[in-house]
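For reference, the structure discussed in these notes is given below.
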Amino acid sequence: VGARELALGSAEVLESGPESVLLGACQKGDPQAFARLVALHERMVLDLAFRLLGDREEAKDLAQDAFLQVYKTLGRFEGRSSLKTWIYRIVLNLSRNRLRFWKRRHRAQSCPIDALAPAEEAQVATRSESPFEACRRREVGARVQSALLRLPFEQRAILLLREAEDLSCAEIALSLGVREGTVKSRLARARDALRRELTGAVARGVAE
Amino acid sequence: MRCDAALRSLSERRDGSLPPALQGQVDAHLAACARCRSAASGLDETLDGLHDLPHLEGSIVSDVLARLEVETRGPGLRLLYASTFRRRPLMAPCLLGAATLLAALVFGLTFAWHPALPPAPVLAWLDVPTVRQRGATPLDLAQETEGNVFIETVIGPDGRVARIRVLDGNGDGAKPLMAALSQDRYDPAILRGHPVAVSVFRLVSHVDVFPPES
């Protein structure tokens, strides 16, 4: 069965079956089950990768790497955390490694927000809100994303997991491999750093 | 409550994880302090902005499966030969049979088959020459030589002594003995029905024997 057929056929089986059944089928090497798993989690993986890296193509590439790693290491998944938390952990590790790789090669880590593709504009425009509100939300999102990319990786990751992905502190602790108390203190610092970053950006804009 | 303590508590306040008593103190401080209230609202606005971050559209399911197929297939050999075996289902059994036959042949040649023994040494079929006519009597021999002499005698196909030489011992003293021995006549050695020339090696020892005195 070709990859394209699997991708097309996966949609109809997304609704059925609990996660444990899906995991069991994936661990037995069932490609259709794996296609289902990818389809279930691709949105969160793509968004997290894009927000961590700030680069569309790199994020897509990293998301593919993450799912391949999920497939290869699925046999070692013991279910002590949820599958979602485990996938987050893989994405975070891969993103951290990729940013280190860029740093060694002195590559810029952020992309200009103006480079957002028309896909995002179209998505915002389809919401049931006024064009003014849609434009404001888009502008705020771009400003926050820009400020986020200026934060250290760990702070960026913890903010995204808590605020954008709505993970609890316990889940974040599992994803990052740290204690829950550490997550809380880092989260407070990260929130303050982002607020300062945005305040500084506004002050710079006023000065200009 | 001091401003710095209130600002430190803003993160936990947002999460709703402050103890009730402390929550009350922070709320009271924010109601009284415009600077901290502004910081709290700024924080809330900032963090709410994280929900409006741009999304990455598109699906990667087919891309992931394509990469998975390539990576799990391994080297290109399987791709190259899979279709051949599928198209010719008898190829694999034939190859297996041929391999078995070859293995049996190699095993047989190595361990089971013993080639015919090489021809036995020539001497095994050789009828050694025997003396037909002596040229000297044993007494002559005893008188003519002295000590030990190792002699090679080449006896020709006609039974005559073709060559005689001393290999070890007193050659000069053995000359009369050799002259006598060269007169011997032999029945020649026979190899596969034909008379052949051979070499005969012998050790001649001389012992003085004196008759008892009367």
Side-chain angles (χ1 to χ4, degrees), chain A residues 2-4 6-8 10 29 31 34-36 38-39 42-43 45-47 49-51 56 59-60 63-65 67-68 71-72 113 116-117 119-120 122-124 137-145 147-148 159-160 162-164 169 184-185 187-192 194-195 197-199, chain B residues 1-19 22-23 26 30 33-74 78-79 82-83 86:
Chain A
R4 189 176 297 279
L6 282 175
L8 294 174
S10 62
F34 185 64
R36 224 178 311 153
V38 175
E42 66 175 340
R43 283 272 63 79
V45 171
L46 278 170
D47 282 346
F50 179 47
R51 290 160 184 177
R56 184 181 315 281
K60 283 184 178 173
Q64 291 180 19
D65 285 349
F67 281 117
L68 287 179
Y71 184 84
K72 288 173 189 167
I113 296 302
L116 289 177
E120 277 82 33
Q123 182 218 356
V124 172
R137 285 170 66 92
R138 179 170 172 256
E139 197 171 312
V140 168
R143 202 150 46 86
V144 172
Q145 167 94 341
L148 201 59
L159 272 176
L160 285 171
R162 182 73 186 97
E163 302 294 339
C169 286
K184 285 180 180 172
S185 59
L187 184 60
R189 278 199 297 273
R191 280 169 167 166
D192 193 48
L194 182 65
R195 187 183 61 82
E197 191 66 48
L198 277 169
T199 312
Chain B
M1 173 175 259
R2 290 166 57 97
C3 286
D4 55 346
L7 290 174
R8 274 201 306 274
S9 303
L10 289 181
S11 179
E12 284 184 272
R13 175 178 171 268
R14 181 178 166 85
D15 289 334
S17 58
L18 278 178
L22 191 56
Q23 174 82 34
V26 173
L30 291 180
C33 177
R35 185 169 153 266
C36 289
R37 194 166 54 247
S38 169
S41 62
L43 180 68
D44 287 339
E45 270 183 42
T46 300
L47 298 179
D48 288 343
L50 285 169
H51 294 287
D52 293 324
L53 289 174
H55 297 275
L56 197 55
E57 293 301 309
S59 173
I60 57 166
V61 177
S62 55
D63 296 340
V64 170
L65 292 177
R67 278 188 61 181
L68 186 66
E69 188 186 336
V70 169
E71 292 201 10
T72 53
R73 189 170 53 220
R78 191 174 153 197
L79 185 66
S83 58
R86 208 174 296 135

Which donor-acceptor pairs under 3.5 Å do the side chains of residues 5-12 of chain B make with protein atoms, sequence neighbours left out?
| from | atom 1 | to | atom 2 | distance (Å) |
| --- | --- | --- | --- | --- |
| B:Ser9 | OG | B:Ala5 | O | 2.9 |
| B:Ser11 | OG | A:Arg191 | NH1 | 2.6 |

Fill in: Distance, nearest 0.5 Å, that separates CG of A:Leu46 from NE2 of B:His55
11.5 Å

Worksheet item: Counting distance only, does the side-chain N/O of A:Arg51 pair as donor-acceptor with the main-chain N or O of B:Leu53 below 3.5 Å?
Response: yes

Item to complete: Give, as side chain, backbone, both or neither, the part of A:Glu42 having an atom under 4.5 angstrom from any heavy atom of chain B.
Response: side chain

Discussion item. If we ignore hydrogens and angles and just use 3.5 Å, is the side chain of A:Arg43 paired with the main-chain N or O of B:Ser59 as donor and acceptor?
Written reply: no

Discussion item. With heavy-atom distances below 4.5 Å as the criterion, would you say the side chains of B:Ile60 and A:Val45 are in contact?
Written reply: no

Discussion item. What residues of residues 39-46 of chain B make heavy-atom contacts with chain A at a cutoff under 4.5 angstrom?
Written reply: B:Ala39, B:Gly42, B:Leu43, B:Thr46

Discussion item. Taking B:Asp15 first and then A:Arg162, would you say they form a salt bridge - that is, a charged N and a carboxylate O separated by under 4.0 Å?
Written reply: yes

Worksheet item: Heavy-atom distance under 4.5 Å between the side chains of B:Leu68 and A:Phe67, does that happen here?
Response: no

Discussion item. With a 6.0 Å cut-off (strictly less than), is the heavy-atom count around CZ of B:Arg35, excluding the residue itself, greater than 12?
Written reply: no

Worksheet item: Is there a side-chain contact between A:Arg195 and B:Leu47, using heavy atoms and a 4.5 Å cut-off?
Response: no

Fill in: Top of A:Val38, A:Leu68, A:Leu194, A:Asp192 for chain B proximity - count of heavy-atom pairs under 4.5 angstrom
A:Leu68

Worksheet item: Does a side-chain heavy-atom distance below 4.5 Å link B:Leu50 with A:Leu148?
Response: yes

